[in-house]
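By convention in this document, chain letters (A, B, ...) are assigned in the order of the sequence lines, proteins followed by strands, and residues within each chain are numbered from 1.
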There are 2 protein chains.
Amino acid sequence: MTDVPPAANPRPGARIRLLEAALRLVRERGYAATTVEDLCTRAGVTKGAFFHHFASKEALGVAAANQWTTNTRAFFAEAPYRAHADPLERVLGYLDFRKAILRGELPEFTCFAGTLVQEVFGTSAPIRTACEASITGHAAEVAADIAAAMERHGVRAGFTAESLALHSQAVLQGAFILAKATGRTDVAVESIEHLRRYVELLFQPTARERKDPP
Amino acid sequence: MTDVPPAANPRPGARIRLLEAALRLVRERGYAATTVEDLCTRAGVTKGAFFHHFASKEALGVAAANQWTTNTRAFFAEAPYRAHADPLERVLGYLDFRKAILRGELPEFTCFAGTLVQEVFGTSAPIRTACEASITGHAAEVAADIAAAMERHGVRAGFTAESLALHSQAVLQGAFILAKATGRTDVAVESIEHLRRYVELLFQPTARERKDPP
DNA sequence: TTGCAAACATACCAACCAGTCGGTATGTTC
DNA sequence: GAACATACCGACTGGTTGGTATGTTTGCAA
C-alpha cells in the first residue's frame, strides 16, 4: 500500500527506474502479464531491490499510477497551449495538443492509468483508486478551462464543465482502444477531431444569440 | 490458432459453456488473470474438456471474440430502435439504446472485445485481429444508418459516416473505462449523452428547430 | 452387438511466479 | 569506532499455470 520514498533524497536509483519500467511494460503487455522479473530486468535491478522498495507487486502498481499522475500533470502544465489567454482557445488547444502527441509506438502515448484500471478495477481496489485519481484529477484541470470558457463565451445549456471534461477523457481513452484494435493511429486522430468539432459547435453562438448578445 | 467448430453441429455442451465463461470472466478480471482452471470451474468442465475443444488458451480467446461478434450482432439486430423508418432516428435510437442497457454490474454491459484487445494487442495478433473485426464490424452497421441519415437529411460536411461510427465506438469504449475507474455508471451515461448531442448538432441544419431552455 | 470417433475425465509435469531470507556494501550518527 | 540505517544482492520456496498423456464414457452407424 504505502510506498513513498523514505524522507531523504535517494539518488535516482532502482525505485524510479522500476516505476519507469512499469509505466512502459504495463502499457506494452498489461499488468498481469508483466512479471516482477520483467520489471527488474528492464530496470536493471534485482528482485531484492524490487521488494526493498515495494511491499508487493500491487504496491508498485499504486506507486506507478501516482507517478503517472505526477508526470502528466507536469507535462500538460508546460504544454504551449497553456499560454492562450482565452480559455476557449486553451480548451481547443488542449485537444489539438492531444492529437499532436499521438506519435511513435502505442505504448509511448497511450494512457497508463486507463490501461491499468481497465484490467484491475475488479481485483485491486488500491490500484483502481489511484487510477481514478489520475484520470479525474486530469479531467478537473480540463474542466477548469471549460468552466472559464463557458463563463466568458456562454454556451448552449444542458451540461456541466465537469461532464464535458470527463467526456473528453472518454473520447481519448476510447481512441486509444481503437488504435490498439486496428493498429492504426489515424482512427484515434479522427475521433479527437470529432470531439473538437463538438466543442466548437457547443460554443458557437446560435443565430438568435448573435442578434441578441448578453 | 483456428477454432471454428468442426463443420457439424456440436450440441450446446462444454464448448459453448467455456466461451460464455470466458465472456464473463475476462470482463471481470482480464485475460491474463483468468486461468484455464477458472474457466473450467465456471463452465463446470474439466481441463481435459477444455483442451479437447481449444488448442490453447489463445485459441479460446479468438473463439470467444468471434462468439462476442455473433452475440452482439444478433442483439442489436433485434433491438427496438431498428424499427424506425428514418435512419437518423435509428442512429439516435441506437445511442439511446446503448445508454439504456448500462444496467447491473460492469462485467455485464462492458465490451468484451474492447476489454480484451486493450490487454493483448501487443502480445497476441490472432486475438487482436478477432477483436478488431468485432469492433469495426459493429461500427460498419452503425455507419450504414449514419450514411443513410446523411443522404436523407444532409449534414455539415467534414467527416465520413465511417469516422462518425468509429467515433461513437470510441466514446462507448471510453465511457466503459471511466465507469471502471470511478465505479459509477452515470459518468458513462453522461458521455453517451454528449455524443448524442453532437450527432443532433451535426444533423441540425435540416432537422426541426428546437427551443433550448435559457 | 460391435466398432469407432467425438466428448469428456484423471493424473501429472515442467516452467514459471510472487514473495522470502540471509547476507554484503556503503554511508550516517553519536 | 561502535551502533545503526539504507540500498541492494541472488539463491531459494511453495504454490500456480498452461499444457500433456492416457484413460473412460457416450452417441450412433453398420
Side-chain angles (χ1 to χ4, degrees), chain A residues 1-22 25-26 28-64 116 119-120 123-127, chain B residues 1-22 25-26 28-65 67 116 119-120 123-127:
Chain A
M1 190 90 159
T2 177
D3 47 61
V4 180
N9 188 355
R11 299 153 308 147
R15 192 190 139 88
I16 193 71
R17 287 213 307 280
L18 281 166
L19 289 175
E20 260 147 34
L25 290 182
V26 169
E28 235 170 72
R29 326 174 184 173
Y31 174 77
T34 300
T35 71
V36 171
E37 265 193 14
D38 289 340
L39 293 160
C40 293
T41 302
R42 170 110 190 177
V45 303
T46 61
K47 241 178 187 182
F50 183 100
F51 285 101
H52 171 72
H53 288 286
F54 305 102
S56 63
K57 190 188 176 189
E58 185 181 44
L60 169 96
V62 172
L116 182 54
E119 199 176 334
V120 305
T123 49
S124 171
I127 295 181
Chain B
M1 224 73 69
T2 177
D3 49 64
V4 181
N9 189 355
R11 294 153 317 143
R15 192 190 139 87
I16 193 71
R17 287 212 307 280
L18 282 165
L19 290 175
E20 259 147 36
L25 290 181
V26 169
E28 236 171 71
R29 325 173 184 174
Y31 173 77
T34 300
T35 71
V36 172
E37 265 194 14
D38 289 340
L39 293 161
C40 292
T41 302
R42 170 110 190 177
V45 303
T46 61
K47 249 183 183 176
F50 183 101
F51 286 100
H52 171 73
H53 288 287
F54 305 101
S56 63
K57 190 188 174 187
E58 186 182 43
L60 169 95
V62 173
Q67 182 70 28
L116 182 54
E119 199 176 336
V120 304
T123 48
S124 172
I127 295 180

Please report the end-to-end axis angle for the helix from C:dT1-D:dA30 to C:dC30-D:dG1, five pairs per end, rounded to 10 degrees.
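For the helix from C:dT1-D:dA30 to C:dC30-D:dG1, the axes at either end differ by 10°.
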DNA chain C contacts among residues 30-45 of chain B, heavy-atom distance under 4.0 Å
B:V45
From [atom1] of [X] over to [atom2] of [N], roughly how many Å is that when rounded to an integer?
X     : N      : atom1 : atom2 : result
A:F50 : D:dA11 : CZ    : P     : 19 Å
A:R17 : D:dC8  : CZ    : C1'   : 11 Å
B:R29 : D:dT17 : CZ    : P     : 10 Å
A:K57 : D:dT16 : NZ    : C1'   : 13 Å
A:L60 : C:dG19 : CG    : C1'   : 14 Å
B:H53 : D:dT20 : NE2   : P     : 16 Å

Listed pairs, N/O of protein and of nucleotides 21-26 of chain D, under 3.5 Å:
none

Under 3.5 Å: donor-acceptor pair, side chain of A:E119, backbone of A:A32
yes
With sequence neighbours excluded, tell me which residues meet side-chain hydrogen bond (donor to acceptor under 3.5 Å, both in side chains) with B:T35.
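So B:T35 forms a side-chain hydrogen bond (donor to acceptor under 3.5 Å, both in side chains) with B:D38.
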Quick one: side-chain hydrogen bond (donor to acceptor under 3.5 Å, both in side chains) partners of B:S124, sequence neighbours excluded?
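Checked B:S124 against side-chain hydrogen bond (donor to acceptor under 3.5 Å, both in side chains); matches are B:E58.
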Using the side chain to side chain contact (heavy atoms under 4.5 Å, CB included) criterion, which residues pair with A:T41? Sequence neighbours excluded.
none
Any residue meeting side chain to side chain contact (heavy atoms under 4.5 Å, CB included) with B:A64, in chain and number order, not counting sequence neighbours:
B:L19, B:A22, B:L23, B:F112
[X] to [Y] - nearest heavy-atom pair and separation:
X     : Y     : result
A:L18 : A:L39 : CD2-O, 3.8 Å
A:F54 : A:A63 : CE2-CB, 3.8 Å
B:V26 : B:Y31 : CG1-N, 4.0 Å
B:T34 : B:L25 : OG1-O, 3.5 Å

Applying salt bridge (Lys or Arg N to Asp or Glu O under 4.0 Å), name anything that partners A:E20, two or more places apart in sequence or on another chain.
none
Please set out all donor-acceptor pairs under 3.5 angstrom arising from side-chain atoms of residues 42-52 of chain B, sequence neighbours excluded.
none

Closest to side chain of B:F51, choosing from C:dC8, D:dG19, C:dG19
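The closest nucleotide is D:dG19.
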B:A49 side-chain proximity, nearest of C:dC8, C:dA18, D:dG19:
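Of the options given, the side chain of B:A49 lies nearest C:dC8.
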With respect to the phosphate group of D:dC9, does any side-chain polar atom (N or O) of A:H52 fall under 4.0 Å of OP1 or OP2?
no
side-chain N/O A:K47 vs D:dG10 OP1/OP2, d < 4.0 Å
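For D:dG10, OP1/OP2 do not have a side-chain N/O of A:K47 under 4.0 Å.
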